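Working notes, beginning with the structure itself.
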4 protein chains.
Amino acid sequence: MEGDGNNPLDKGSAPAVSPGATRRSKRAHEAILNAAAELIHERPYSDVCIEAIAARAGVGKQTIYRWWTSKAAVLMEACAAMVAREVPLPDNGSFVLDLRDYLQHICAFFENQLSRPAIAGLLAEAQCNAELARAFQDRLLMQRRTVLRTILERGVSRGELRPGVDLDVIMDMIHGALWYRTLLLKAPLDEAFIENIIAQVMAGSGTRPPGNAAPD
Amino acid sequence: MEGDGNNPLDKGSAPAVSPGATRRSKRAHEAILNAAAELIHERPYSDVCIEAIAARAGVGKQTIYRWWTSKAAVLMEACAAMVAREVPLPDNGSFVLDLRDYLQHICAFFENQLSRPAIAGLLAEAQCNAELARAFQDRLLMQRRTVLRTILERGVSRGELRPGVDLDVIMDMIHGALWYRTLLLKAPLDEAFIENIIAQVMAGSGTRPPGNAAPD
Amino acid sequence: MEGDGNNPLDKGSAPAVSPGATRRSKRAHEAILNAAAELIHERPYSDVCIEAIAARAGVGKQTIYRWWTSKAAVLMEACAAMVAREVPLPDNGSFVLDLRDYLQHICAFFENQLSRPAIAGLLAEAQCNAELARAFQDRLLMQRRTVLRTILERGVSRGELRPGVDLDVIMDMIHGALWYRTLLLKAPLDEAFIENIIAQVMAGSGTRPPGNAAPD
Amino acid sequence: MEGDGNNPLDKGSAPAVSPGATRRSKRAHEAILNAAAELIHERPYSDVCIEAIAARAGVGKQTIYRWWTSKAAVLMEACAAMVAREVPLPDNGSFVLDLRDYLQHICAFFENQLSRPAIAGLLAEAQCNAELARAFQDRLLMQRRTVLRTILERGVSRGELRPGVDLDVIMDMIHGALWYRTLLLKAPLDEAFIENIIAQVMAGSGTRPPGNAAPD
DNA sequence: AACTAACCGAGACGGTACGTCTCGTCTTCGC
DNA sequence: GCGAAGACGAGACGTACCGTCTCGGTTAGTT
């Protein structure tokens, strides 16, 4: 966290500080992210304005504008902080078990629906803002893609998945189904749904013939 | 179209109509939808304000507020009008051909990316507005789901798809992959992608064993 | 009343009626004036809008615009109707008694302060609208000036007032004092005030030397 | 001027002032008053809207609403600023000369009729707004009343006016005649009118018998 | 009795201004 | 020089009325 490197939406953390200058206030930084996280859980994305974040954080507006480019940048960092902790890489020795683990975990996150408005809001802004779009992919999507890809690759190397399969398309279909169900259909992501996805993946890409699922 | 019935985001088209009252102006109605469509193609969702729509349409603001509840309602109707015409039901006598037809058509619409910001904006607002969410599903998703379901069911009845398959999950995965790629990854929806989806669906749900890809 | 002639603020009462035409609705006319009078007693001049008058009178807006040029014209007619009845010409055989009668009567009207906002509002508009200014003078001031002039002239012809006096200035000072006190100072128009005016007029223009007030 | 203390129509000039706050902008304050003064000279009172003042002053609307309660409050301060400079206290050693001086001066102000619509507009609003009424009296009437009262009192102490006279009524009649002529009759305030008022005052309250004012 | 024009109620229309809200910037202090 | 406070120019919000315009429906007079 803490501007953790080189996100273009942050403005960096005052490198090469001049003599006499106070450095970026850790207290203010955290207060702002916490305030943003609280507010996005209380009201619609469009009502989480910079002024409200500043007031909640007990901070001047300028302190926010000094370090972030927009409210989207603040919320992006706040969301990324939430997501970051939540993508463990399961390792149960079996592709199906790992995939189930992964899906359960990620569905639990979506079902905790508090973050949906934030994510949809960021998604919407990202359509018109290339920088934000890039940050969205890097900070909210990539970690999960990396984890899922690792699981899939382990499945291939263990011989549980057929080797010729296009992992990208499988990943798009798995993740896509989750996002589509949550944001678009607003349908629940329950156990049955998870099992159906697993079944579909195994039928399409598993090394066992699909016949066992439908004995013909 | 034209308030086509009972959308709660519209306010109805001249309800009851007292004696002598002037009825809703068709000219204004169309000008507003056209202006909204134009503007959403020109700038970010958040910058398409009611005042701009009214100005562009040569209409008083009140005329918009008289018939719609919010800018989202206007844009929803404008988007629905665009989508409405574009979902033909292909019938080529073969599941794969029909599915390819359908995917090519829908991908072409997405690639004609003009409507993406609008749709993402509506999607974001729908997270916090149940009425809007319902309208989003009914007017932007359902037509396509119906078409795809028909294609899938024909595949089953023709014996091209296994009968036990959960069509809903397949639909979520197909549509999900499209939306995910477009809005989230901003990756192109090209021919290769379409073929990969078809291959994956056939492998998972087709009656022919996937053996050709994995000769076993 | 009833457009009583040729006020340019009214638009006349359907002259030279064509065959089959319905003439001006007496019911609507009266309802409008009554509604205007009621409203001006209930709220500030600026809040007495045409729409409110129409709604109160149970009348379409167009019916008002058909017969009057503006809300000021409506209120002018309503005020004139109130004022018209209230300027009797006293005749007690003595200038002082007549003047006292007149002043008491007119002060009672002003003290019934309900009409002050209306009159001040019309006065304000009259500053920028010559037609309205003329109507204001003709319909709200002239009747009283005529009565007061008659009283003064009778005083002169009876030998109670000195003949050389400029009656216009006396009239301006008397009426001016009333208006100034009411609209500007918002001070009461009580008996003492009336007597002081009478004393001042008699001292300045009476044929008896003012010595009685200051025996010197 | 400049919010000179405690006018309730103003909202005070940066009350208390927390640490670090920016204080009221002198530039904006003056620009607003100037814009209001210009506009009221260009168009009817009712057309001098806040938006026009803000636009003319190159100022946000909120900056006006932050410091004044209404357009009337702005115009009141603008008018008061105009009036303030223009009430010198004459001192020619003689009551008649002083009174003539005073009347000439005040009539010149009224004849410069640019301010009439503003003053009548404020007067009208003051009928329904106690705060505004009070401000009107304090800031537009009182200075003049004070000057005139001083002139009258000097007349009494010099023996030019009879001591028993009620100065308030004389003041009401003098000022009343001016306002009545200007706003109501829209008659000119010329030299003859001034002389007639003086004659009438001297006849009614002077220590010389009135006879000498006419022939002699 | 049928015709017919103007009046009537209702209210939608293109507009202007309202007073409020939030934006992102700028200014001033105190630490 | 950072951080708080908050004034500033800007402009969209949703509402209230403006004055104009169309609607049917009603109401007198001719014909």
Side-chain angles (χ1 to χ4, degrees), chain A residues 14 17-25 27-28 31 46-47 49-52 54-55 57-67 69-71, chain B residues 14 17-25 27-28 31 46-52 54-55 57-67 69-71, chain C residues 14 17-25 27-28 46-47 49-52 54-55 57-67 69-71, chain D residues 14 17-25 27-29 46-47 49-52 54-55 57-67 69-71:
Chain A
V17 181
S18 315
T22 311
R23 248 74 98 266
R24 183 172 192 175
S25 156
R27 192 192 64 71
S46 61
D47 291 2
C49 54
I50 293 272
E51 304 216 325
V59 139
K61 286 194 291 177
Q62 195 58 51
T63 303
I64 299 181
Y65 285 111
R66 209 181 330 263
W67 301 109
T69 58
S70 66
K71 96 175 176 187
Chain B
V17 179
S18 317
T22 306
R23 249 71 105 266
R24 182 172 194 172
S25 156
R27 190 190 66 68
S46 60
D47 290 2
V48 179
C49 56
I50 295 271
E51 300 217 326
V59 138
K61 283 197 288 178
Q62 198 63 60
T63 301
I64 299 181
Y65 286 111
R66 211 186 328 267
W67 302 109
T69 58
S70 64
K71 100 175 175 188
Chain C
V17 180
S18 316
T22 307
R23 248 75 100 268
R24 182 172 193 174
S25 156
R27 189 191 66 69
S46 60
D47 291 2
C49 54
I50 293 270
E51 302 217 325
V59 139
K61 285 197 291 177
Q62 196 59 52
T63 303
I64 298 181
Y65 285 110
R66 204 180 339 260
W67 302 109
T69 58
S70 65
K71 97 175 176 186
Chain D
V17 178
S18 318
T22 307
R23 248 71 104 265
R24 183 172 194 173
S25 156
R27 190 191 65 70
H29 188 164
S46 60
D47 291 2
C49 56
I50 294 270
E51 300 215 327
V59 138
K61 285 197 289 177
Q62 196 62 56
T63 301
I64 298 181
Y65 285 110
R66 206 180 339 260
W67 301 109
T69 58
S70 64
K71 99 176 174 185

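All values reported here derive from a predicted model rather than from experimental measurement. Just so it is clear: chains get the letters A, B, ... in the order the sequence lines come, proteins before strands, and each one is counted from 1.
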Nearest heavy-atom approach of D:A28 to D:T63 is CB-CG2, 4.2 Å

Atom-pair distance (CZ on C:R23; P on E:dA5), nearest Å:
16 Å

The reported gap from OG in A:S46 to NZ in A:K71 (rounded to nearest 0.5 angstrom) is 6.0 Å

F:dA28, E:dA12, E:dC8: which one has an atom nearest the side-chain heavy atoms of B:R66?
E:dA12

To the nearest 0.5 Å, how far apart are SG in B:C49 and NZ in B:K61?
9.0 Å

Does E:dA12 have its OP1 or OP2 closer than 4.0 Å to a side-chain nitrogen or oxygen of B:T63?
no

Side chain of C:R27 - closest among F:dG9, F:dG3, E:dC8:
E:dC8

Check whether any side-chain heavy atom of C:R24 lies under 4.5 Å from a side-chain heavy atom of C:W67, and answer yes or no.
yes

A:I64 atom CD1 is separated from F:dG6 atom C1', nearest whole Å, by 14 Å

Over all heavy atoms of both residues, which pair between D:I50 and D:S70 is shortest? Give the atoms and the distance, please.
CD1-C, 4.3 Å

Return the 5'-most residue of the pair A:A57, D:V59 with respect to DNA chain F, ranking by each residue's nearest nucleotide.
A:A57

How does each nucleotide of nucleotides 15-20 of chain F score, in 5' to 3' order, for protein heavy atoms under 4.0 Å: base (B), sugar-phosphate only (S), or none (-)?
BBBBBB

Please report the shortest heavy-atom distance between B:A31 and B:A57, naming the atom on each side.
O-CB, 3.5 Å

Give the nucleotide from the list F:dA7, E:dA12, E:dC8 with an atom nearest to the side chain of B:W67.
E:dA12

